[in-house]
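Data first, discussion second: the structure below is written as structure tokens.
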Amino acid sequence: MRLFGAALAALVSLSAPLAAQEVTLKAITSFAEKTFYSRGFEAFIDKVNAEGKGQVQINYIGGPKAMPPFEVGNALKGGVVDIANVTGAFYTNVIPEADAWKLTERPMAELRRNGGFDYMAKLYDQKMNAIMLARHIDNNPFHLYLNKPISSADLTGLKLRITPVYRDFFQAQGATVVQTAPGEVYTALERGVVDGYGWPITGVFDLGWHEKTKYRVDPGFYSAEVSVLINKASWNKLNDRQKKIISDASAWLEAQSSEVTKENEADIARQKAAGIQVISLGDDFRRKAVAEGWAGIIKQSPEHGPKLKEFFAK
Ligand code: 173
């Protein structure tokens with residue numbers, strides 16, 4: 001009996017700290033599950049869960065059905081979720097400067113060396129209690145998609161679906177704008193509430209928008225950003241081994257962003273096959289987008305905008 005008691009005590013003392021060691025992090029995506037902009041994140045989760053057995057696991061809550069995309073930033077800040085897959089335009093209420101990621105003209109590896117990433121990291125720390133783990137979408141231009149033809153960059157008379165990404169540019173060209181989450185775009189097109197929408201080159205097929213889209217305006221502009229973020233307190237609770245599992249998976253994920261150009265080409269071909277016609281306006285359209293984009297960022301943040309332009313622009 002005494003022996004049994006000793007064995008039991010040994011078992012408890014061994015297993016209790018082991019069991020307490022595994023941490024489960026709650027994760028959300030601001031894009032529909034299993035669609036293009038969530039896919040990299042889902043691969044990241046699979047990797048962490050495979051390599052983090054007994055250490056750290058990610059519990060994937062899901063996408064916009066679980067939480068509206070524009071609320072994800074605040075949820076991460078408050079620790080309602082630990083990890084989020086989201087783009088800066090969806091949480092300008094928390095960090096106005098986050099929308100500036102769309103204006104990067106240098107690869108993330110360079111921004112991590114030149115101080116640009118660190119400059120933003122400080123803002124994420126101060127304003128969002130968050131750490132950016134990995135940008136997995138880059139090299140992915142935005143476009144204007146339309147159901148009415150245009151012959152110049154003048155967008156007067158058009159009503160366009162936007163997020164903060166496109167607001168300054170489309171408005172400067174005379175458009176009327178209405179902000180919606182991606183989940184509302186199909187219905188807005190179907191009902192004729194909008195004449196078009198801003199969206200990157202990839203993902204038009206994910207929610208069936210090709211059925212309601214006649215034209216794509218070229219050239220594209222900016223570089224879409226989608227990243228995995230973690231709440232700072234959630235990060236600080238991890239031990240070194242757990243942090244390494246997350247960091248390694250993050251480095252792996254960010255390296256995947258160079259693969260995005262292949263997806264761009266595939267979707268250009270797919271749009272063509274679906275009968276989406278291209279309206280080509282020339283590079284002035286893109287240059288104007290960049291100029292209006294930076295003007296908007298600097299107006300939003302006179303303190304940090306000019307500094308970010310130094311780091312991000314060419
Ligand atoms: O149009 C959008 O919803 C948007 O801002 C965005 C940003 C990054 C990737 C995809 C869409």
Side-chain angles (χ1 to χ4, degrees), residues 28-42 63-64 67-73 84-104 108 132 134-146 155 158-171 175 177-189 193-210 212-213 216-217 220-229 253-254 256-257 259-261 263-264 267 271 289-290 292-293 296-297 300 312:
I28 191 109
T29 175
S30 54
F31 295 92
E33 283 171 62
K34 298 199 167 71
T35 62
F36 181 68
Y37 293 103
S38 290
R39 228 169 275 147
F41 182 52
E42 289 161 354
M67 184 183 290
F70 292 99
E71 288 174 23
V72 167
N85 180 58
V86 63
T87 182
F90 290 178
Y91 54 88
T92 53
N93 56 330
V94 182
I95 312 180
E97 295 86 357
D99 188 34
W101 287 119
K102 73 187 178 193
L103 292 162
T104 55
M108 287 303 281
M132 179 178 279
R135 173 178 184 172
H136 61 97
I137 298 295
D138 198 355
N139 314 301
N140 184 234
F142 292 98
H143 285 262
L144 168 60
Y145 297 87
L146 290 172
L155 305 178
L158 293 172
K159 191 167 178 192
L160 304 176
R161 173 272 173 186
I162 59 144
T163 67
V165 165
Y166 326 90
R167 179 179 289 123
D168 297 298
F169 177 40
F170 290 175
Q171 277 185 335
V177 298
V178 49
Q179 177 161 309
T180 84
E184 290 154 32
V185 172
Y186 188 93
T187 309
L189 290 168
V193 171
V194 295
D195 304 307
Y197 57 96
W199 190 258
I201 191 65
T202 46
V204 165
F205 294 87
D206 276 333
L207 300 177
W209 303 343
H210 60 291
K212 305 286 169 194
T213 304
R216 182 185 79 239
V217 178
F221 49 91
Y222 311 154
S223 181
E225 168 269 333
V226 181
S227 301
V228 178
L229 313 182
L253 181 63
E254 190 162 290
Q256 304 291 307
S257 66
E259 300 292 305
V260 171
T261 50
E263 308 279 352
N264 296 347
D267 266 37
Q271 287 183 20
V290 173
E292 295 298 342
I297 295 290
Q300 279 289 318
F312 288 2

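First listed ligand is number 1; within each ligand, the first listed atom is number 1.
Ring-plane geometry between Trp209 and Trp199 is classed as perpendicular, the angle between the planes exceeding 60 degrees on a 0 to 90 degree scale with a lower cut at 30. Ring planes of Tyr145 and Tyr197: parallel class, angle under 30° (limits at 30 and 60°).
Of all atoms in ligand 1, listed by their number and element, those nearer than 4.0 Å to a heavy atom of Val165 are 5 (O). Near Phe142, the atoms of ligand 1 lying under 4.0 angstrom from a non-hydrogen atom of the residue are 6 (C), 7 (C). For ligand 1 and Gly198, the ligand atoms under 4.0 Å from any heavy atom of the residue are 1 (O). Near Phe31, with a cut-off below 4.0 Å to any heavy atom, the atoms of ligand 1 are 9 (C), 10 (C), 11 (C).
For the atom pair Phe41 CZ and Ser30 OG, the distance stands at 9.0 Å (nearest 0.5 Å). One finds the NZ atom of Lys212 at 10.0 Å from the OG1 atom of Thr187 (value rounded to the nearest 0.5 Å). Interatomic distance, Leu155 CG to Leu146 CG, rounded to the nearest 0.5 Å: 7.5 Å. Of the inter-residue distances, the one linking Thr87 atom OG1 with Arg135 atom CZ reads 8.0 Å to the nearest 0.5 angstrom.
Take Phe36 and apply the ring-ring contact (aromatic ring centres under 6.0 Å, His included) test, not counting sequence neighbours, and it matches no residue.
In this structure, atom 11 (C) of ligand 1 lies nearest to the protein heavy atom Trp199 CZ3, 3.5 Å. For atom 1 (O) of ligand 1, the nearest non-hydrogen atom of the protein is Tyr166 OH, 2.5 Å.
Only the side chain of Arg161 comes within 4.0 Å of ligand 1, judged by heavy-atom distances. Residue contacts with ligand 1, taken as heavy atom pairs separated by less than 4.0 Å, involve Pro200 solely via side-chain atoms from C-beta onward.
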_The test is side chain to side chain contact (heavy atoms under 4.5 Å, CB included); show your working for Thr163 and Phe90 and say whether it passes._
CA-CA 8 Å; Thr163 67; Phe90 290 178; 4.0 Å; yes
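Look at Tyr197 and you'll find every heavy atom at least 4.0 Å from all atoms of ligand 1.
Of the N or O atoms in Glu225, none lie within a sub-3.5 Å distance of an N or O in ligand 1. The shortest N/O to N/O separation between Thr163 and ligand 1 falls below 3.5 Å.
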